[in-house]
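Below: the structure, in structure tokens.
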Amino acid sequence: MMWNEKEETMPRSELQALQLKRLQALVERVYAKVPYYCQKMKDAGVTPGDIKELADIKRLPFTTKEDLRKNYPFGLFTVSMDEVVRVHASSGTTGKPTVVGYTRADIKLWAGLMARTLSAAGATSKDIIQNAYGYGLFTGGLGAHYGAEELGAAVVPVSGGQTKRQITLMRDFGSTVLLSTPSYALNIAEVMADMGVNPADLPLRVGVFGAEPWSENMRAELENKLQVKAIDIYGLSEVIGPGVATECIEAQHGLHIFEDHFLPEIVDPDTFEPLPVGDRGELVFTTLTKEAFPVIRYRTKDIASLNDEPCACGRTFMRIPKITGRTDDMLIIRGVNVFPSQIEQVLMNVEGVEPHYQIIVDRQGSMDTMEVQVEVSETVFSDKIKNLEKLNKRIQGDIKDLIGSSCKISLVEPKTIRRSEGKAQRVIDKRPKK
Ligand code: DLL
């Protein structure tokens, strides 16, 4: 199902012509309106007139979170506050939050892109959409809300948390689509089982999950436990919020980037040189149509690659694979790079282990150490010590196969690892700050 069939199936040459036109207009506008961007472009020796083809984008300077912080809160907006109708902000674990703004037209664009996303996930105006993304400064709740309304569906704005009530509402209202982070969806599934609610008896059929990395094994787990098709959606506040890229229900294989509004690049994370289609690197976005807060070559820190092979669904937009991590989430354990989601993928292949885990990173001398705490099932837990030891060894071995060195595994009692209501905290980093 396509929300904007014409746009979503546009021949690539036509799409590229549209992108160029929009890019040129954007650069002109930003150069004229935002002194900070104008200065950065002058420093880089580039003027709007230099953007003659799409490849010229590489002449433009990058934008980073640091640039946003320096201009906190509204310094990079291209319109006056009179035209801004909404702001959102990301909490930011360190330093000031990053603030983003929207004009009325931006909100309309965003609602349309989220309606596109929900359509790609198979939702229609007939659906009852339970929106368990957090409402507030986080872009997930309101972003998805406006999209669900634009689609014409009935939206239930429950936000995250109050899980029992969430399930009662789901049953009583007959929700057919659940929107939440994958870790919260797992929490819902668990509480559902505790309440004796069988998901097979509910009309729920699709889960639209995003805002954090989740492995293919987690998908299988969620599809099984909630009896849904699980669709991955990606986005970030600085670019618009959710509604940047989405999987289609036809293929569930890679997330289509809404390239008519967001121009993607993959750059080498060390040299920042653009990489060809297919190579893995850092994902960079330029917003082509946003008014209040456009970004030019925003470095997301997310690791991805672009895939331009045609997709079974007919969309011509390039795809990115599931995002397994960010450059700043990457752990370097004895010289080997590892993402928490790779550990998740390993753990979830092991029978007797529950999909609840936490990774504790510390430093001994000059070496990083890693401990993986993982819950075991009730039956395993009440089993003989010998069997627990066997399970411990098995996980040790599997992780060693992944990263080449062993780490400490702690099997913990069922339900002891904190459950998520939004983005899960997978890693606890106890290393001394540099
Ligand atoms: O998480 C926007 C969003 C809301 C996306 C709801 C999807 C659903 P931020 O809070 O700014 O925005 O966080 C953005 O989260 O750079 C990624 O590192 C991560 N992320 C988002 N979606 C995915 C995903 C929202 N599907 C940051 N897979 C991004 C992996 C994701 N990581």
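All ligand and atom numbering here is 1-based and tracks the order in the structure. Basis for what follows: all heavy atoms, side chains included, without hydrogens, waters or symmetry-related copies.
If you look at Glu212 next to ligand 1, the close heavy atoms, those under 4.0 Å, all belong to the backbone. Within the 4.0 Å heavy-atom criterion, the part of Asp232 lying near ligand 1 is the side chain and not the backbone. When heavy-atom distances to ligand 1 are checked against a 4.0 Å cut-off, Thr139 comes that close only through its side chain, counted from C-beta outward. Proximity of Ile323 to ligand 1, defined as any heavy-atom pair under 4.0 Å, is shared by backbone and side chain alike. Residue Pro242 touches ligand 1 through backbone and side chain together, judged by heavy-atom distances below 4.0 Å.
Using a cut-off of 4.0 Å between Lys/Arg side-chain N and Asp/Glu carboxylate O, Arg12 and Glu259 are scored as salt-bridged. A salt bridge does not link Asp329 to Arg426: none of the charged nitrogens lies less than 4.0 Å from a carboxylate oxygen.
A side-chain hydrogen bond (donor to acceptor under 3.5 Å, both in side chains) with Tyr357 holds for exactly one of Glu344, Glu375, Gln373; it is Glu344. Here the options are Arg419, Lys164, Lys225, the test is salt bridge (charged side-chain N to carboxylate O under 4.0 Å, His left out), and the partner is Glu190; only Arg419 passes.
What sits closest to atom 22 (N) of ligand 1 on the protein, heavy atoms only, is Ala211 N, 3.1 Å. Nearest to atom 29 (C) of ligand 1 among the protein's heavy atoms is Asp302 OD2, 3.3 Å. In this structure, atom 13 (O) of ligand 1 lies nearest to the protein heavy atom Lys423 NZ, 2.9 Å. The protein atom (non-hydrogen) at minimum distance from atom 25 (C) of ligand 1 is Gly235 O, 3.6 Å.
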Item checked: Working for salt bridge (Lys or Arg N to Asp or Glu O under 4.0 Å), residues Lys423 and Glu212 -> CA-CA 6 Å; Lys423 298 192 191 223; Glu212 62 184 2; over 6 Å; no

Notebook entry, point to check: Under the salt bridge (Lys or Arg N to Asp or Glu O under 4.0 Å) criterion, do Arg29 and Glu291 qualify, and how do the steps go?
Noted result: CA-CA 9 Å; Arg29 186 158 57 88; Glu291 288 182 348; over 6 Å; no

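For the pair Arg326 and Phe339, the cation does not sit on the ring face, since its NZ or CZ is not both under 6.0 Å from the ring centre and inside 45° of the axis. Seen from the ring of Phe285, Arg297 does not count as a face-on cation partner, given the 6.0 Å and 45° thresholds.
Ring planes of Tyr102 and Trp110: parallel class, angle under 30° (limits at 30 and 60°).
Looking at Phe138 next to ligand 1, no N or O pair under 3.5 Å apart turns up. Considering backbone and side-chain N/O of Trp214, none are found under 3.5 Å from N/O of ligand 1. At least one N or O atom of Ser237, backbone or side chain, sits closer than 3.5 Å to an N or O atom of ligand 1. Remark: ligand 1 and Gly210 share no N or O pair separated by less than 3.5 Å (distance only, no angle test). Checked by distance only, ligand 1 and Tyr133 stay at 3.5 Å or farther apart across all their nitrogen or oxygen atoms.
Neither side chain, Asn349 nor Gln345, offers a donor N or O lying under 3.5 Å from an acceptor on the other.
The contact set between ligand 1 and Gly140, taken as ligand atoms under 4.0 Å from a residue heavy atom, comprises 4 (C), 6 (C).
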